[in-house]
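Predicted, not measured: the structure shown is a model, and the values here were computed from it. Just so you know, these numbers use all the heavy atoms, side chains as well, and skip hydrogens, waters and symmetry mates. Labels below follow one simple rule: chain letters A, B, ... track the order of the sequence lines, proteins then strands, and each chain is numbered from 1.
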Protein chains: 2
Amino acid sequence: MMNLAADFPTKKNIKEISQEEHISSKYLEKLMGILKKNQLVRSVQGQGGGYFLAKKPGQITAGEIVEILDGPIAPMKCSSAKCKMAEHCSASSVWSELEKEMKKFLYKQTLEKLIKNNQTKKYVRK
Amino acid sequence: MMNLAADFPTKKNIKEISQEEHISSKYLEKLMGILKKNQLVRSVQGQGGGYFLAKKPGQITAGEIVEILDGPIAPMKCSSAKCKMAEHCSASSVWSELEKEMKKFLYKQTLEKLIKNNQTKKYVRK
DNA sequence: TTAATTCAGACTAATTTAGTAGGATTTAGA
DNA sequence: TCTAAATCCTACTAAATTAGTCTGAATTAA
Ligand code: FES
Ligand code: FES
């Protein structure tokens, strides 16, 4: 039988990631499950298995990740959640505009960008 | 004795505001208390009393109100709350930049602006 | 003195979130 | 074919936060 696990050199398993990111492996397992269900990562099961990105880092944005893991991007529950008072609420326009700004910002932060920023950060660090 | 309550023609009492804003008077009482403690509104006690703005609408911003009633403006608990992982967390820069954008936006929305927007809204409504 | 009002703070209930537990399934390799 | 290393699945728990209530005291106009 061929070795599936060997075909994806960038993959990492839960144990590795959890150590690098200082996050409990059990919790990470859960999160990766969600990311996988939403097709941001793919996985190889069984011994030697692990996870890897489903797209190029330049094509994954913070916006996607946040919406998948945290739910809709919104400054208030009111804003996107179709608040029933929105019609006669003077604040609703503020929420919806702010929501737009947040989305705009988060959807232009790609993983690639983040990685680069983080690498320079390391150099700059004393 | 002079009549304090008559001196501030724009004042409204809890009952009036709670009806206008469709919010329970008990809850509103609590919120007004917080706004008062933070000097966004002032009040007159006793019969005929009520609340009124402590500054001109052009000098009160959504940012202030939100920070007073909702706490620090932040997209994540992590961002401004001095997350202890921030040093080796690749996401922290995203949170802090987004936080800046949110503050910038909210601090330029004055009450005056909001009132104007809301008036035109009424005209436009079918 | 009375009635209308703000003021103060404790309390409750509901919801959300972060995180854990336990076991089933899949797979590589000996 | 057996075993160990991994993902997968999903229910559960605990903690924190939030929205909102309740009670009663203090203040003031009339
Ligand atoms: S109460 Fe929901 S938008 Fe204002
Ligand atoms: S974990 Fe707090 S900033 Fe990333």
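- Rounded to an integer number of Å, the gap from Met32(B) CE to dC7(C) P is 9 Å.
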Can you tabulate the close N/O pairs, meaning under 3.5 Å, that link protein atoms to atoms of nucleotides 17-19 of chain D?
none

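- Glu64(B) and Lys55(B) are joined by a salt bridge, as a carboxylate oxygen and a charged side-chain nitrogen come within less than 4.0 angstrom of each other.
- Computed from coordinates, the Lys37(A) NZ to dT10(D) P distance equals 9 Å when rounded to whole Å.
- One atom, NZ of Lys11(A), and another, P of dT27(C), lie 14 Å apart when rounded to the nearest Å.
- Atom C1' of nucleotide dT27(D) and atom OH of Tyr51(B) are separated by 12 Å, given to the nearest angstrom.
- In this structure the side chain of Thr10(A) never reaches within 4.5 angstrom of the side chain of Leu53(A), judged on heavy atoms.
- Look at Lys26(A) and Glu29(A) and you find a salt bridge, because one of the NZ, NE, NH1 or NH2 atoms lies within 4.0 Å of a carboxylate O, short of that distance.
- Checking the phosphate oxygens (OP1, OP2) of dC8(D), a side-chain nitrogen or oxygen of Ser43(A) falls inside 4.0 Å.
- Between Arg42(B) atom CZ and dT6(C) atom C1' there is a gap of 15 Å when expressed in whole angstrom units.
- No side-chain heavy atom of Lys116(A) sits under 4.5 Å from any side-chain heavy atom of Lys113(A).
- Pro75(B) places none of its side-chain heavy atoms less than 4.5 Å from the side chain of Ile73(A).
- The CG-C1' distance, from Leu31(A) to dA18(C), rounds to 10 Å in whole Å.
- Both Ser24(A) and Lys26(B) lie close to DNA chain C; mapped to their nearest nucleotides by heavy-atom distance, the more 5′-ward contact belongs to Lys26(B).
- Going from atom CD of Gln47(B) over to atom P of dC7(C) covers 16 Å, rounded to whole Å.
- Residues Met102(B) and Met102(A) are in side-chain contact: their nearest non-hydrogen atoms beyond the backbone lie under 4.5 Å apart.
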Open item on the list: Checking Glu16(B) against Tyr51(B) for the side-chain hydrogen bond (donor to acceptor under 3.5 Å, both in side chains) test, could you report, in this order, the C-alpha distance in whole Å, the side-chain angles of both residues, the deciding distance, and whether it holds?
Closed with: CA-CA 10 Å; Glu16(B) 293 171 304; Tyr51(B) 297 86; over 6 Å; no

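- For dC8(D), the base has no donor-acceptor partner in the side chain of Gln45(A) [N/O atoms by modelled type, under 3.5 angstrom].
- Atoms CG (Asn38(A)) and P (dC8(D)) sit 14 Å apart, rounded to a whole Å.
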